Amino acid sequence: MTIRIDGNSLTVEDVIKVCREGEKVEIAEEAKAAVNRARAYVERKLEEDAVIYGLTTGFGRFANVKISQEETALLQKNLIISHTCAMGNPYPKHIVRAAMLLRCNALSSGYSGIRLSTIQTMVDMLNADIIPVVPEKGSVGSSGDLAPLSCIALGLIGMGKVEYKGKVVDAAEAFAAEGLKPVELAAKEGLALNNGTQMMTAVGVNVLYDAMQLLKTADIAAALTGEALKAIRKAYDPKVHKIRGHKGQMTEAENMRTLLEGSENAKWLHETKVQDPYSQRCMPQIHGASRDAIEYVYDKVSIEINAVTDNPLVFSISDEVISGGNFHGQPMALAFDFLKIAISELANVSERRTERMVNSQLSEGLPAFLVKNGGLNSGYMIAQYAAASMVSENKVYDHPACVDSIPTSANQEDHVSMGTTSARTAAMVLDNAQKVIGIELSAAAQSIWLRQEQGEHGIDNLAPATRAAYDHIRTKADPIEEDIIMLDELAKFDEMVKSFEINEAVEKVVTLK
């Protein structure tokens with residue numbers, strides 16, 4: 001299936017298909033007409049020698065410097081090469097693919113004044129998997145992602161480095177191999193290419209998609225822990241959650257009922273206890289709040305991936321070119337700061353559940369640190385340390401980047417969003433959270449096995465859904481009889497979480513929301 005872009009109808013799921021799965025892209029016919037109409041208007045204004053920001057003037061503080069018609073093309077090239085100030089490690093290829101798709105989609109709306117042939121060349125690059133090398137650091141998120149988007153545009157004009165067929169090569173070499181011609185920028189095009197929020201949104205949309213999957217994994221981990229610690233299922237009674245009314249909370253309680261239906265370990269009521277600790281009993285409230293936050297971010301990102309975010313904007317029908325501020329990343333900065341906090345809380349409560357399993361004073365009779373012959377063996381003692389370390393590290397990343405503005409361009413741009421930092425730190429938080437929840441899955445599976453070893457029939461008493469999760473885990477990781485190299489073990493669970501395979505195994509048995 002080919003993804004058609006028109007500036008209006010791209011979805012989060014479409015972006016993932018293109019950036020991760022290599023789905024092909026084409027420009028919709030109606031978008032081509034809109035692009036051509038806006039470009040014709042720009043060329044008419046050039047002939048009239050109109051004074052238009054970024055078209056016949058310099059940029060930023062140089063907005064009052066008039067540029068002659070003869071120099072407008074050079075102005076655009078200079079803009080790109082001078083703005084390639086990104087530094088650090090390169091973004092993963094799929095992130096750059098997402099940014100290229102989002103930029104093409106925004107330009108296809110027909111408000112940027114760029115030539116159709118220029119957009120088409122970037123689409124051709126994407127389809128040929130010629131992906132510019134873009135360093136991660138250097139964007140303040142307003143005026144858009146100037147530095148990283150300039151690195152993408154640099155590849156478009158046949159300069160700089162690109163990743164092509166598994167190697168980093170000169171852009172010109174990759175173009176020649178595919179029979180493509182680099183773009184020679186015309187008036188307005190450089191600014192149309194590098195002024196927008198597509199880099200932060202590319203990072204954020206990927207974090208968002210994985211966070212949506214992690215919600216399910218966190219529920220599965222919590223259910224397995226519930227099996228291990230003999231949770232009281234009545235805490236998930238729908239009557240309790242309906243009278244509070246939060247959608248995410250009600251959904252999470254439903255997921256827990258679904259996952260634990262039929263369990264003889266996690267009973268509706270237990271004779272020996274009245275309440276579970278908060279990390280288990282309040283799981284719908286905690287996970288549910290994160291679910292609601294992630295849904296908010298999904299709505300905002302769904303708007304942004306179809307937004308026109310460069311400047312100035314061309315309104316050919318009303319005969320106007322308007323200098324506005326759609327490049328400002330604040331809507332995404334706030335959303336991604338919110339997203340990383342929501343993800344962090346999934347990890348925070350996961351680590352607390354892991355602690356209850358490894359702590360023999362809290363674990364309902366499990367051996368200390370989930371290992372036989374404790375003392376000689378340390379078992380999961382330091383696995384919990386690792387989870388605690390990453391949870392604590394997330395608290396540093398969770399500081400909202402969007403509250404830390406700094407002026408740029410000689411104070412012409414006197415408030416910036418830092419939205420790209422919000423997105424990048426959200427990705428760091430996600431990675432840690434995936435690892436922490438992987439540790440919980442490992443500890444829960446070990447706990448259930450130990451119940452069986454102790455004659456409590458822990459495995460035999462699992463619910464169908466949690467049994468599916470447990471059985472899948474055992475295809476990748478054996479129970480731990482004595483101490484092993486734990487980094488290798490925990491890496492298996494990190495991969496299990498990141499590949500969504502544990503979710504897929506469970507959803508063959510039940511449907512999760």
Side-chain angles (χ1 to χ4, degrees), residues 207-208 210-226 228-229 231 248 252 276-294 297 336-363 366 368-370 378-401 421-447 486-487 489-498 502:
V207 175
L208 169 65
D210 287 345
M212 292 162 63
Q213 309 309 312
L214 190 63
L215 271 170
K216 291 184 180 181
T217 314
D219 291 353
I220 293 165
L224 279 172
T225 298
L229 296 179
E252 288 297 328
D276 280 324
Y278 288 3
S279 58
Q280 197 75 52
R281 181 171 24 128
C282 301
M283 177 267 170
Q285 290 83 353
I286 299 167
H287 285 205
S290 290
R291 179 179 286 271
D292 286 339
I294 290 168
V297 177
F336 297 146
D337 280 336
F338 196 16
L339 176 62
K340 66 190 183 186
I341 292 169
I343 296 169
S344 280
E345 282 304 291
L346 296 177
N348 284 349
V349 71
S350 173
E351 183 277 330
R352 289 292 81 197
R353 291 191 295 260
T354 297
E355 161 62 13
R356 299 199 76 84
M357 288 184 282
V358 303
N359 187 334
S360 59
Q361 298 180 43
L362 304 172
S363 65
L366 289 167
F369 304 111
L370 305 180
S378 295
Y380 279 75
M381 180 188 293
I382 309 303
Q384 186 269 328
Y385 283 36
S389 169
M390 288 180 279
V391 163
S392 187
E393 182 179 301
N394 277 353
K395 295 169 187 174
V396 177
Y397 300 147
D398 281 339
H399 176 80
T421 303
S422 302
R424 289 179 54 242
T425 49
M428 298 176 195
V429 167
L430 173 71
D431 180 61
N432 281 341
Q434 290 166 325
K435 288 175 167 60
V436 169
I437 290 168
I439 290 171
E440 183 186 2
L441 285 168
S442 179
Q446 178 75 359
S447 298
M486 285 297 282
L487 67 88
E489 184 74 3
L490 298 183
K492 296 175 186 176
F493 285 87
D494 187 31
E495 173 58 27
M496 213 179 295
V497 172
K498 288 177 176 171
I502 193 80

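Worth saying up front: this structure is predicted, and the values here are computed from it rather than measured.
How far CD of Gln285 is from NE2 of His287: 11.0 Å, rounded to the nearest 0.5 Å. Atom CG in Asp398 sits 6.5 Å away from atom NZ in Lys340 (nearest 0.5 Å). Ile341 CD1 to Lys395 NZ: the interatomic distance, rounded to the nearest 0.5 Å, is 13.0 Å. Taken to the nearest 0.5 Å, the CG atom of Leu487 stands 11.0 Å off from the NZ atom of Lys492. The structure places CD1 of Ile294 at 9.5 Å from CZ of Phe338, a figure rounded to the nearest 0.5 Å. Atom CZ in Arg281 sits 10.5 Å away from atom CD1 in Ile286 (nearest 0.5 Å).
When every heavy atom of Arg353 is checked against every heavy atom of Ala222, the shortest pair comes out as CZ-CB, 3.6 Å. Residues Val436 and Ala387 approach most closely at CG2-O, 3.8 Å, considering heavy atoms. Nearest heavy atoms, Gly248 versus Asp292: N-OD1, 2.8 Å. Of all the heavy atoms in Leu490 and Ala383, the pair that sits closest is CD1-CB, 4.3 Å. Listed here is the closest heavy atom pair of Ala401 and Asp337: N-OD2, 3.1 Å. The heavy-atom pair separating Ala228 from Ala444 by the smallest distance is CB-O, 4.2 Å.
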Next on the checklist: For a side-chain contact (heavy atoms from CB on, under 4.5 Å) check, start with the C-alpha distance between Glu440 and Met357, then their side-chain angles and the critical distance, and finish with the verdict.
Outcome noted: CA-CA 9 Å; Glu440 183 186 2; Met357 288 184 282; 4.0 Å; yes
Checklist entry - Where do Met283 and Asp219 land on the side-chain contact (heavy atoms from CB on, under 4.5 Å) test, with the steps shown first? => result CA-CA 9 Å; Met283 177 267 170; Asp219 291 353; 3.0 Å; yes
Checklist entry - Passes side-chain contact (heavy atoms from CB on, under 4.5 Å), Val207 versus Val297? Steps please. => result CA-CA 11 Å; Val207 175; Val297 177; over 6 Å; no
Next on the checklist: Could you walk me through whether Val391 and Asn432 satisfy the side-chain contact (heavy atoms from CB on, under 4.5 Å) test, starting with their C-alpha distance in whole Å, then the side-chain angles of each, then the deciding distance to 0.1 Å, before giving a yes or no?
Outcome noted: CA-CA 7 Å; Val391 163; Asn432 281 341; over 6 Å; no
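Neither side chain, Ser290 nor Glu345, offers a donor N or O lying under 3.5 Å from an acceptor on the other. Side-chain contact check for Gln280 and Thr225: no donor-acceptor pair (N or O, by modelled atom type) lies under 3.5 Å. A donor and an acceptor atom, one from each side chain of Glu393 and Tyr397, are located under 3.5 Å apart.
Side chains of Phe336 and Arg424 form no contact here, defined as non-hydrogen atoms less than 4.5 Å apart.
Taking 4.0 Å as the cut-off between side-chain N and carboxylate O, Lys435 and Asp494 count as a salt-bridged pair. Between Lys498 and Asp210 there is no salt bridge, since no side-chain nitrogen of the basic residue lies less than 4.0 Å from a carboxylate oxygen of the acidic one.
Side-chain N or O atoms of Thr425 include one that pairs as donor or acceptor with a backbone N or O of Thr421 at under 3.5 Å. With Ser442 contributing its side chain and Gly438 its backbone, the two residues share no donor-acceptor pair below 3.5 Å.
The side chain to side chain contact (heavy atoms under 4.5 Å, CB included) test with Val497 singles out one residue from Ile439, Thr217, Ile220, and that residue is Thr217. Results of the side chain to side chain contact (heavy atoms under 4.5 Å, CB included) test with Leu229 over Asp276, Leu366, Leu224 single out Leu366 as the only residue that passes.
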